[in-house]
Number of protein chains: 2
Amino acid sequence: MVKNDKRDEIVRAALELIAEHGFHGAPMAMIAGRAGVGAGTIYRYFENKDVLITELYRDIEKNIMEALQQGYSVEKPFRERFLHLGTELLHHFIHNPLVFRYLEQFHNSPYGVAFRRDKILGTSTSECNVFRELFELGTTQQILKDLPLVILFALFFGPVLSVARDHILGFVELDEVLIHHTIEACWDGIKR
Amino acid sequence: MVKNDKRDEIVRAALELIAEHGFHGAPMAMIAGRAGVGAGTIYRYFENKDVLITELYRDIEKNIMEALQQGYSVEKPFRERFLHLGTELLHHFIHNPLVFRYLEQFHNSPYGVAFRRDKILGTSTSECNVFRELFELGTTQQILKDLPLVILFALFFGPVLSVARDHILGFVELDEVLIHHTIEACWDGIKR
DNA sequence: TATTACTGAATGAACGTTCATTCTGATAGG
DNA sequence: CCTATCAGAATGAACGTTCATTCAGTAATA
């Protein structure tokens, strides 16, 4: 009987604590406590802390991927598709601050670099594929600036992540209008 | 008796190790080893690890500030001033990868959030002041988009930091042309 | 009862920090 | 010129703490 009950509790507790305090501020004992299980129980579900961390990351990435697909259609015009992905991504971060904070912790750690390498250079089945597809189409169709994909990514993800962070930290209150303007500004940055 | 001999060695070692391995991957014993001093010697110059870390941060910030001032003149037209600051900042990061990596470590840590709060909300004498001044001027003169300062910052710093990171990690090779195009694209994002 | 799931005290490694000791080189007395 | 004295710089082994992980024992389930 594979009870995901406890596994889910462990993952939830890990997300909360790591998002709030970072990897080193979230000891296994604390995660176990928050999850309402014994410290040893975690090791029945995850080989070690690294595995817990990376599996949680994959869960999150899958969720984001699914959220972005909603209402996305290759039929729509290019610009509309871009605006959709941008606003959806920003929405998702704003409505899931724990997820966002976790991703930040993850990306700024030894774990993160290897994953980013895959995402930018490789052909991993990651959240970026839908973006990669769109951006490469945009450059070949001369809709976007003639810049390396990595630069275009930076011009888009850079502001989106910054803005999401500022919102979550309370430096700015993003509403629908502001979100829209931000993504439009990103568009101005990448469009030819 | 230049008292700063050992202090400088300690700071240099801390910069190298923390930039490369993060705060938790750079134990005091390792910093001492790299600096060629005893472990206890560090505590003659710095009260504890936190003080070492934040003093190193202030040193770095001061250097960047100075680098940005070079060739900067409030006489020049707005756009030119922006392009100057942008390219100089990017140059500085690219030519000082250890500094950049250290800043990333710092900003993504408990230390960083408080500092960012100051930088964005407060009136600290930090690297951002020259940017804040310029951007506020740009909005009042209706040169830049009518967006909160924080958003404009995100539209500029977001891409610059992303691109610098990608260059340093080897995901893209930035040359003069590419740097210029990147900063121009940022300009497109923020200009009205 | 047999098997599996769970627990949390025990373990050992790693860390920041301390402090008794050693080193260094300047000064003073002879 | 030599040697004794000394202040403070430097050292690194030792300490106490924290953490991930283990495992012997307990509870639940079949």
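Below, read A as the first sequence line, B as the second, and so on, with proteins coming before strands; counting in each chain starts at 1. Worth knowing before you read on, the calculation uses all heavy atoms, side chains too, and leaves out hydrogens, waters and symmetry mates.
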Worksheet item: Nearest nucleotide by nearest heavy atom, which residue falls closer to the 5' end of DNA chain D, A/G25 or A/E47?
Response: A/G25

Worksheet item: A/E9 CD to C/dC6 P: how many Å, rounded?
Response: 13 Å

Worksheet item: Does a salt bridge link B/E55 with B/R7, judged by any charged N lying under 4.0 Å from a carboxylate O?
Response: yes

Worksheet item: Which whole-number value in Å describes the distance from A/I10 CD1 to C/dC6 C1'?
Response: 11 Å

Worksheet item: Separation of B/R44 atom CZ from D/dG8 atom P, in whole Å?
Response: 10 Å

Response to the item:
B/Y45 has its side chain closest, among C/dC6, D/dA10, D/dT21, to D/dA10

Worksheet entry | A/N48, nearest nucleotide to its side chain (from D/dA20, D/dT21, C/dG16) | D/dT21

Item to complete: Could you check how far CD1 of A/I31 sits from C1' of D/dC19, rounded to whole Å?
Response: 12 Å

Worksheet item: Can you tell me how far P of D/dC19 sits from CG of A/L52, to the nearest Å?
Response: 16 Å

Worksheet item: Quick one: which of D/dT11, C/dG16, D/dA20 gets closest to the side chain of A/K49?
Response: D/dA20

Worksheet item: Among D/dT11, D/dT22, C/dG16, which is the nearest nucleotide to the side chain of B/M28?
Response: C/dG16

Worksheet entry | Shortest side-chain distance from B/A39, nucleotide among D/dG12, C/dC6, D/dA9 | D/dG12

Worksheet item: Among C/dT7, D/dA20, C/dA5, which nucleotide sits nearest the side chain of A/T41?
Response: C/dT7

Worksheet item: How close or far is atom P of D/dA10 from atom CZ of B/R7, stated in whole angstroms?
Response: 13 Å

Practice prompt. Please tell me which of the listed nucleotides, D/dT22, C/dC15, C/dT17, lies nearest to the side chain of A/Y43?
Written response: D/dT22

Show me the donor-acceptor pairs within less than 3.5 Å that the side chains of residues 151-162 of chain A make with the rest of the protein, sequence neighbours left out.
from, atom 1, to, atom 2, distance (Å)
A/S162, OG, A/G158, O, 3.2
A/S162, OG, A/R165, NH2, 3.4

Fill in: Rounded distance in Å - NE2 (B/H21) to P (C/dA14)
16 Å

Discussion item. According to a hydrophobic-cluster definition based on side-chain heavy atoms being under 4.5 Å apart (Ile, Leu, Val, Met, Phe, Trp, Tyr only), do A/F135 and A/V74 belong together?
Written reply: yes

Worksheet, complete the sentence: Rounded to whole Å, the CD1-P distance (B/I42 to D/dG12) equals 12 Å

Discussion item. On the nucleotide C/dT7, are OP1 or OP2 found under 4.0 Å from the side-chain N or O atoms that A/K6 carries?
Written reply: yes

Worksheet entry | B/Y102/B/Y57 aromatic ring centres below 6.0 Å | no

Worksheet item: Would you call B/R192 and B/D146 a salt bridge, taking side-chain N to carboxylate O under 4.0 Å as the test?
Response: no

